[in-house]
*Asks:* 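This is the structure, below, for whatever I ask next.
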Amino acid sequence: MNNESAACFRAAIWLACSRRHRLSELPGQPSSLCHTGLGLSECHGCRYDSAMKYSNCFVPTLRDVPADAEVISHQLLLRAGYIRRVTSGVYDYLPLALRVLRRIEAIIREEMERAGAQELLMPMVQPTELWEKSGRLSKYGPELLRFEDRHGHQSCLGPTHEEVICDLMSRELRSYKQLPINLYQIQNKFRDEIRPRFGLMRGREFVMKDAYSFHADDESLMAEYRNMFDTYTRIFERLGLRFRPVEADTGSIGGSDSHEFHVLADSGEDLIAHCEGCDYAANVEKAVSGRDAPAGDAAPLTALATPAVTTAEDVAAFAGVDAALVIKTLVFCVSGGDADGAIVAACVRGDDQLQAVKLIHALGADALEMASDAQIEEIGGVTGFVGPLGLDAPVYMDAGLEAAVGMLAGANKRDLHLTGVDVARDLSRAQFVDLRETRAGDCCSRCGGQIALSRGIEVGQVFALGRRYTEPMEVQFQNQQGKREVATMGCYGIGVSRLMAAVVEQCHDDGGIAWPDILAPFSVILVSMGKSDEVLEASEDIYRQLQAAGVSVLWDERNERPGVKFKDAELIGIPLQVVIGDRGLKQGVAEFGRRGSERQEIALSAVVAASMAALSAGSGAAL
RNA sequence: CGGGGCGUAGCGCAGCCUGGUAGCGCAUCUGGUUUGGGACCAGAGGGUCGGGUGUUCGAAUCACCCCGCCCCGACCA
């Protein structure tokens, strides 16, 4: 061992030994040591062995790709023996997966504690009354898995915990002096998804970190919102992910402000619009952007016979005009909110898509359904020839149409359209709101730059809820003037098990999973080549040294052929490989290298130091 | 829930159309040979053919019903 590596080795031993003390001395302080991935699990009281022999390890790897696994993370997590399906959207987390999950959780805990939040644990079973009280029972609907206990008491499995935490706070909160407070938990959630898919990406049961903050005023709430935003940014940075925070719709949770954190991946289910000129980024459900549309020529209203020509594209082609000069009219039946049951029409340009979430917001509704032919007739329309003029229903038009002239629209008569539609002249009673879905190439509403679209996996979301829950749940406190006041609230979620899948989506190659050092279930895989006593003895020696140094190691001592061992090592994704074989042993060397690159021969005595150096360099943490 | 597809051994599949004793590869077990990138030989175990009903002398195969799974749409961490 040269001087440098010897010093490195001593330092590492010291760190390994002192780790626990340092953490207990500084509760809530993030430990840079844990960035190294060295025995991280111990930091948080997990009792996992940091060293395991492969033959004792339950890692059922598969050579074939299971036929029903669509996305790469689902395939690899199954093949590499991390997860197994129990039933639709419900999985076993096998030992390797649990180790990874615990590492993700450890980072989240550190950053949450550093941000001043406190961990608690709420029940998975919740009384349905709480959901009646918050007014969310009907809104959440069938996602909420409900059941009855033996006494006939209505219960449900918690899909989220706003109700429970508000119930708790409403009992315990008395004074403004107790505020602000941020409480979080890491716990299994259950949402009876209509369509679970993609393995861990959209399960019905999943692990989530959810945090809830309570405040005396909105200023304090927004400060915490910012704090959580920054905390999430740090968490996803530490996890080594390419991600992007984006402005988001608040969905069924409600509230004012919201950002989602998306891991960028082609397999993502969400579309994100982001500006190439500034830092504007938003989910397309919410993104606002402009476009250059061809200008129509002002003209009087004229009927145009369009026999059996119905879609906007076909009508445009038939009339020989740009699709942007056609007004596309869609008719919906509204459910939820004040307009519940109403039939409404929504218009966008023929070459734009309607973004339904935007319309839902404009209506204050819960959901929309395409109107039936009969419903269209009820409001004086004809399916295929619906237009905004003369329709007996509220008409919502995309704001981009407000000044449009010379447009082509359905005439509400069979086989007939109208040309020369002047929106300002003919549709004065329409409501103008942003309804169109942002497209790539649009111009940014902030800086005028170009908008691009990317796919993302939503792994976190922060909400400034305001009093949406605290009001109905009666979370009140006495303010400085001695008056009762309703607290204001934020909530902040991270999909922990989804994150594991998202990491795999981003970190893999043909050989399998390529975990970032800090998340790998083991840092080093020690491969014994051949079964001579010398190889096994030398391997065991290295195994013990790594163990003593606090480097988590998986020792593949199986009597398998080399190909099998390397394939498994790459598949399960252990970042560092140490190979001990008869060949090198004669020279006193082992092979050492990072998964996916060439291994180098190094002295047996240098293996531990090299491992530790590689791990600290790989994580970017100071040692 | 609507539309499409699929259920045959742990995994991947063939057989079904045209009914006649259930097959292949991988995995597993035993013995042997082998050992630097998913070995070889010999042998073995393992399947209510998703379930039910019907048609038939006879059903994995044909018909009907049910269940489950996967993909496309509305939900979301």
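Per chain, numbering begins at 1; letters A, B, ... match sequence-line order.
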*Asks:* Hunt down the Watson-Crick or G-U wobble partner of B:U48, both distances under 3.5 Å, from any strand shown, or write none.
*Replies:* none

*Asks:* Can you tell me the pairing partner of B:U55 across any strand shown, Watson-Crick or G-U wobble, with both distances under 3.5 angstrom?
*Replies:* none

*Asks:* Round to a whole Å and report the spacing from OH of A:Y140 to C1' of B:A74.
*Replies:* 15 Å

*Asks:* If the P atom of B:G47 is compared with that of B:G54, how far apart are they to the nearest Å?
*Replies:* 26 Å

*Asks:* May I ask you to say whether A:E193 pairs ionically with A:R202, meaning some side-chain N is under 4.0 Å from a carboxylate O?
*Replies:*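 Salt bridge between A:E193 and A:R202, a charged N being under 4.0 Å from a carboxylate O: yes.
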
*Asks:* Mind checking A:E193 for me? I need base, sugar-phosphate or nothing, with any heavy atom below 4.0 Å counting as a touch.
*Replies:*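 Since a base atom lies under 4.0 Å of A:E193, the category is base.
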
*Asks:* From the list B:A77, B:A74, B:C13, which nucleotide is the closest neighbour of the side chain of A:R202?
*Replies:*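 The answer is B:A77, which lies nearest to the side chain.
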
*Asks:* State which residue, out of A:V207, A:V100, A:L77, fulfils the side-chain contact (heavy atoms from CB on, under 4.5 Å) condition with A:Y93.
*Replies:* A:V207

*Asks:* Say you pick atom P in B:U55 and the same atom in B:G10; how far apart are they, in whole Å?
*Replies:* 32 Å

*Asks:* Nearest heavy atom decides the nucleotide; on that basis, is A:V65 or A:E205 closer to the 5' end of RNA chain B?
*Replies:*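 This one resolves to A:V65.
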
*Asks:* Can you measure A:Q355 atom CD to B:C75 atom C1' for me and round it to whole angstrom units?
*Replies:*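 After rounding, the gap between these two atoms is 13 Å.
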
*Asks:* Side chains of A:K53 and A:Y543: closer than 4.5 Å at any heavy-atom pair?
*Replies:*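 Heavy-atom side-chain distance check passes, below 4.5 Å.
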
*Asks:* Distance alone, cut at 3.5 Å: any donor-acceptor contact between the side chains of A:S528 and A:E557?
*Replies:* no

*Asks:* Could you give the NE2-to-P distance, from A:H361 to B:C75, as a whole number of Å?
*Replies:* 10 Å

*Asks:* Write down the partner of B:A77 under the Watson-Crick or G-U wobble criteria, each distance required to be under 3.5 Å.
*Replies:* none

*Asks:* Provide the Watson-Crick or G-U wobble partner of B:G7, both distances under 3.5 Å; none if there is no partner.
*Replies:* B:C67

*Asks:* Please work out if A:G511 contacts a base, only the sugar-phosphate, or nothing of the nucleic acid, heavy-atom cut-off 4.0 Å.
*Replies:*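 A:G511: no heavy atom of the nucleic acid under 4.0 Å.
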
*Asks:* When you measure from the centre of the six-membered ring of A:Y91, is the NZ or CZ of A:R85 closer than 6.0 Å and no more than 45° off the axis?
*Replies:* no

*Asks:* Of all the nucleotides listed (B:C69, B:A77, B:C13), which has the minimum atom distance to the side chain of A:D68?
*Replies:*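 Minimum distance to the A:D68 side chain belongs to B:C69.
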
*Asks:* I'd like to know if A:E162 pairs up with A:R468 as an ion pair, taking the criterion as any Lys NZ or Arg NE/NH1/NH2 lying under 4.0 Å from an Asp or Glu carboxylate oxygen.
*Replies:*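 A:R468 and A:E162: not salt-bridged.
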
*Asks:* Quick one: label A:S497 by what it contacts on the DNA or RNA (base, sugar-phosphate, nothing), any heavy atom closer than 4.0 Å.
*Replies:*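 The answer is nothing, as A:S497 stays clear of every strand by at least 4.0 Å.
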
*Asks:* Can you tell me how far C1' of B:C71 sits from NE2 of A:H74, to the nearest Å?
*Replies:*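 So the NE2-C1' distance, A:H74 to B:C71, works out to 13 Å.
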
*Asks:* Reckon A:R195 has a side-chain N or O less than 4.0 Å from the OP1 or OP2 of B:C69?
*Replies:*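 A:R195 to B:C69 OP1/OP2: no side-chain N or O under 4.0 Å.
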
*Asks:* For atom C1', what is the distance between B:C67 and B:G20, given to the nearest Å?
*Replies:*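 29 Å, rounded to whole Å.
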
*Asks:* Scan A:F198 against the nucleic acid and name what it touches under 4.0 Å (heavy atoms): base, sugar-phosphate only, or nothing.
*Replies:*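 Touches sugar-phosphate only.
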
*Asks:* A:E143 has an atom CD; how far is it from atom C1' of B:C1, in whole Å?
*Replies:*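 Distance, rounded to whole Å: 13 Å.
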
*Asks:* If pairing requires Watson-Crick or G-U wobble contacts with both distances under 3.5 Å, which nucleotide is the partner of B:G2?
*Replies:*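 Here B:G2 is engaged in a pair, and the nucleotide opposite it is B:C72.
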
*Asks:* Can you check the A:L354 CG to B:A74 P distance for me, whole Å?
*Replies:* 12 Å

*Asks:* With the sugar-phosphate defined as primed atoms, P, OP1 and OP2, and the base as all remaining atoms, what B/S/- string results for nucleotides 35-41 of chain B, 5' to 3', for protein heavy atoms under 4.0 Å?
*Replies:* BBBBB--

*Asks:* Ring centroids only, cut at 6.0 angstrom: are A:W515 and A:Y82 within range, meaning strictly under it?
*Replies:*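 For A:W515 and A:Y82, the ring centres are under 6.0 Å apart.
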
*Asks:* Name the closest nucleotide to the A:T87 side chain, picking from B:A77, B:C72, B:C69.
*Replies:*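 Nucleotide nearest to A:T87's side chain: B:C69.
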
*Asks:* Regarding A:S335 and A:D366, is there a side-chain donor-to-acceptor distance under 3.5 Å anywhere?
*Replies:*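 No, because no side-chain N or O of A:S335 sits under 3.5 Å from a partner of the opposite role on A:D366.
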
*Asks:* Compare every heavy atom of A:Y396 with every heavy atom of A:L435, then report the nearest pair and how far apart it is.
*Replies:* CD1-O, 3.7 Å

*Asks:* Rounded to the nearest angstrom, tell me the gap between atom CE in A:M370 and atom P in B:C1.
*Replies:* 22 Å

*Asks:* Partner lookup for B:A42, please. Criteria are Watson-Crick or G-U wobble with both distances under 3.5 angstrom; report none if nothing qualifies.
*Replies:*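 Per the H-bond distance test, B:U30.
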
*Asks:* Who is the Watson-Crick or G-U wobble partner of B:U18, with both distances under 3.5 Å?
*Replies:*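 The base-pairing partner of B:U18, which may sit in any strand shown, does not exist here.
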
*Asks:* Applying a 3.5 Å limit to both distances, which nucleotide forms a Watson-Crick or G-U wobble pair with B:G36?
*Replies:*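 WC or wobble partner does not exist here.
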
*Asks:* Starting at atom CZ of A:R498, determine the distance to atom P of B:C75, rounded to an integer number of angstrom.
*Replies:* 14 Å

*Asks:* When rounded to the nearest Å, what value does the distance between P atoms of B:G12 and B:C71 take?
*Replies:*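 The answer is 14 Å between these two P atoms.
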
*Asks:* Would you kindly compare A:P66 and A:E269 by the position of their nearest RNA chain B nucleotide and give the one closer to the 5′ end?
*Replies:*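 Of the two residues, A:P66 wins.
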
